[in-house]
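Single-structure report; data block below.
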There are 4 protein chains.
Amino acid sequence: MQPRSPARNAARRLPRDQRVAAILLTARAVLRERGSEQFLTAEVAERCGTSEATIYKYFPTKRDLLIQIAESWFDEFLAEDYPARASGSIRDRLYHAVWWSLSSIRREPALTRFVLMELRADPNYRSMRIYQQNREVVGRVMTVIEDGRDKGVLRADLSRKLVRDMIFGAIEHQTWAYLRGEGDFSVDESAEQITEVILRGISASAPSSGSLSDAVAMLEQVTASLKKQSAGES
Amino acid sequence: MQPRSPARNAARRLPRDQRVAAILLTARAVLRERGSEQFLTAEVAERCGTSEATIYKYFPTKRDLLIQIAESWFDEFLAEDYPARASGSIRDRLYHAVWWSLSSIRREPALTRFVLMELRADPNYRSMRIYQQNREVVGRVMTVIEDGRDKGVLRADLSRKLVRDMIFGAIEHQTWAYLRGEGDFSVDESAEQITEVILRGISASAPSSGSLSDAVAMLEQVTASLKKQSAGES
Amino acid sequence: MQPRSPARNAARRLPRDQRVAAILLTARAVLRERGSEQFLTAEVAERCGTSEATIYKYFPTKRDLLIQIAESWFDEFLAEDYPARASGSIRDRLYHAVWWSLSSIRREPALTRFVLMELRADPNYRSMRIYQQNREVVGRVMTVIEDGRDKGVLRADLSRKLVRDMIFGAIEHQTWAYLRGEGDFSVDESAEQITEVILRGISASAPSSGSLSDAVAMLEQVTASLKKQSAGES
Amino acid sequence: MQPRSPARNAARRLPRDQRVAAILLTARAVLRERGSEQFLTAEVAERCGTSEATIYKYFPTKRDLLIQIAESWFDEFLAEDYPARASGSIRDRLYHAVWWSLSSIRREPALTRFVLMELRADPNYRSMRIYQQNREVVGRVMTVIEDGRDKGVLRADLSRKLVRDMIFGAIEHQTWAYLRGEGDFSVDESAEQITEVILRGISASAPSSGSLSDAVAMLEQVTASLKKQSAGES
DNA sequence: CATGAATGAGGATTCATTCAT
DNA sequence: CATGAATGAATCCTCATTCAT
């Protein structure tokens, strides 16, 4: 009997795309705040100002919604400018790629965790779009490593997988800690240090000038003199 | 009226400790196989040959049970002989500590995952026994790092936290992949490579010939000659 | 702004009758394939290329739509030529009527099932058009029976209802089995056998004591006397 | 705080078997009154004085419950004394078997309908216990037919399947009509008439020689002569 | 005439937890 | 000590139907 205010109606009736976007946005927030396990369609509906039925009109399944949240987010930050430098020192390029991964992930730690810890376990993960998206992210870092190997600047005697696990293990470990509220961290600094450890390790022997080659050069000198010395003695 | 066989009774009526142990053991298997999300008290009861009510007699809450599972497991492997070498090269000691963490975790990836990804997020985590237990594990590795720093063998310009995150990030990343069934990995090799990267990084050693072994070979010669020399001088 | 192709428009905007017909046709297919329980208005709309709202424009209720599907189908096959033979032997006419029912029903077993098992249970069934239509179908068979009775060729000591139930019970039973995919059946043969059993039963021979044989005996006597009589007269 | 009356408690806590029986009984009533489609677990729970959860404790699925209702009912009446007479005339034995089927089915038309129209359509029907139970029922009738054939008392030129379909088609048709409230019927009479039609058909004559056409031919002759005669008399 | 958008009212199933015996 | 019985409170998902445009 009582006609609803047009304003209310205007808010209620949205074109498909906007509604989908609105749901996705709200759902992303819910996923961020609750995690996938406590993610309730009812809460999304309420916070979104719609009914659960409407959500199910656009997303066949709760899981599908979750996946699309992740995908849309990956879409977003994969679409951001990523000035993939093909030139510059390996160190610069690696730092840059690590920095970018770290900062992307840090922006949505909960979503990332969902993708990396739950979706990745899905039997169908490999056939999801998110799989390709994730490959893209990892690829940006690994391309640098690959290049370095090709140029002989990086060692090729360590398994790529291990190197990858160390870099992303570190990135994720940092992020989860942040997610757990164990304190913030500086993306710059973290990327810097990860790069450093990956490239140079933490041994103190690294000589002032920089690379290992210096040390080797010294060693060669020492060895040579010792040889001479011992030759003269005999 | 019909007396049950004593054997049956014996199995049914257990002293508190044995019952608790039995439940814990079964529950651990369930947690391992199902993960904490699919962990059902009903399944534990059934596989354990008791009733859910009995479980609730000893464990006030499903969560408490889960926590105790984790704690009892940590107890177990923390109790194992860990020949914490205070001597030996930093490399050896670090390798040893990493190897030990990796192999412990790999033995029960699902339990570890539960501890590291779920319990760690609990607001009360810091006041749980498992927190101390986990610190102990991490400590075994970090002690080596600390020592190295003290002796000036390791760089002190990188944040301890970062180093810790890289080591355990790598360890966990490896383990999760294994847990997801993405293929097994060699604990030895993995520990070796993690140690290597952490200590030396992945920059090419730049010795003309190439591999690090060359440098090592040279070093050995030098060392040997020097020993002879000093022996001769005395 | 962008004008749609006229063809598209033509397809979209249909005169009432055509739209109704289109919906009815599609809906019939859906009813056939899914059964009334799995009959979804959404599927009809989609397969029909319209919206559910349009369907509700023409059919106040899902049930109304279902009813009209049934009615339109009955209309169709009741409109087919049915050469109701008023002459010929009762056997021929009965066979013919049974054959016709059987083949009509077999053409749309799912629709028939809906009518006979679900609509028939509706409290308002008797006031539906489909009720009259169904009576027509049954009537075509029962007319033959009635005729046979009138002519004294068929026994009148068995309840009409029972005879009707046997004939249509057999027809429907055959059809449901077919609908369940329990194998096809020959309409010809089935009609033949139903006719046979209805008319003659399955006894191998008319027993002496039985009533029929008495009648036959009498008939033979009568015939004989008449023959004599007529022979004597000529 | 307020202790519940023991009476209430006594009613609430039942041994497993009794609870299962109670649920089954209530559920049977609900199935009878509502049909399987409107069968709500909630209604069963309420009328049974328990919760839905309790029902699901004993019956894994709504469908399982439905199936068990049917099975337990079949069990019941298959357990009743069925004096399967191996002697006596075929007519007596057939009448007896038909009568028994008819009266069993008539006692629970809704349940029967569920079994015969819905379960029978289930892909797994053949592997259900109810399938065997139903075979038993049908078998009791078909055994008589088979016997009659063996003894040469019944024709063997008609397909068994057809005969079966006619008998049970008739039985079911009668029963559905009754279920729809189209009026009661006398089991005795119905069984009598079904037996009669099946055995002897509805033709008014069955001449010793064989086919009905002979009798018809004679009748036509008689009729013709009489017509002539009456014409000649006028 | 046509429909995109929206939803109310379910409805089956799950599971940790309680408690009388 | 042990447990059989019971359930409250969710939670995902469905679908016929309405209505503003």
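A, B, ... follow the sequence lines: proteins, then strands. Residue 1 opens every chain.
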message: What is the distance, to the nearest angstrom, from the CZ atom on R19(A) to the C1' atom on dT7(E)?
response: 11 Å
- prompt: Quick check: does any side chain N or O of R113(D) sit under 3.5 Å from a backbone N or O of M117(C), one acting as donor and the other as acceptor?
  reply: yes
Residue matched to dT21(E) through Watson-Crick or wobble contacts both under 3.5 angstrom: dA2(F)
query: Does the pair R28(D)/E33(D) count as a salt bridge with the N-to-O cut at 4.0 Å?
result: no
message: Quick check on DNA chain E: between P15(A) and P15(C), whose nearest nucleotide comes earlier from the 5' end?
response: P15(C)
- request: Using modelled atom types only, decide if a donor and an acceptor are shared between the side chain of T54(B) and the backbone of T50(B) within a distance under 3.5 Å.
  value: no
Protein-nucleotide distance (I55(A), atom CD1; dG8(E), atom C1'), rounded to Å: 15 Å
message: Around atom CD of E46(A), are there more than 12 heavy atoms from other residues, nucleotides or ligands closer than 6.0 Å?
response: no
- prompt: With a 4.5 Å heavy-atom cut-off, do D122(D) and R63(D) have their side chains touching?
  reply: yes
- prompt: For the pair made of CG in D64(D) and P in dA12(E), what is the distance, rounded to whole Å?
  reply: 14 Å
query: Whom does dG11(E) pair with, Watson-Crick or G-U wobble, provided both distances fall under 3.5 Å?
result: dC12(F)
- prompt: Quick one: is T50(C) getting a side-chain N or O under 4.0 Å of the dA2(E) phosphate, OP1 or OP2?
  reply: no
- prompt: Under 4.0 Å between a side-chain N/O of S51(A) and OP1 or OP2 of dA6(E), yes or no?
  reply: no
statement: Whole-Å distance, E46(C) CD to dT3(E) C1', equals 15 Å
message: For a quick test of reading the model, state the closest non-hydrogen atom pair linking Y131(D) to Y125(D) and the distance between them.
response: CB-O, 3.1 Å
query: What is the distance, rounded to the nearest whole Å, between atom CZ of F59(D) and atom C1' of dG11(E)?
result: 19 Å
Per-nucleotide protein contact string for nucleotides 13-19 of chain F (B base, S sugar-phosphate only, - none; heavy atom under 4.0 Å): BBBSBBB
- prompt: What's the CZ-P distance between R34(D) and dG11(E), to the nearest Å?
  reply: 11 Å
query: Is the side chain of K62(B) donor-acceptor paired with the backbone N or O of F39(B) at a distance under 3.5 Å, no angle test?
result: yes
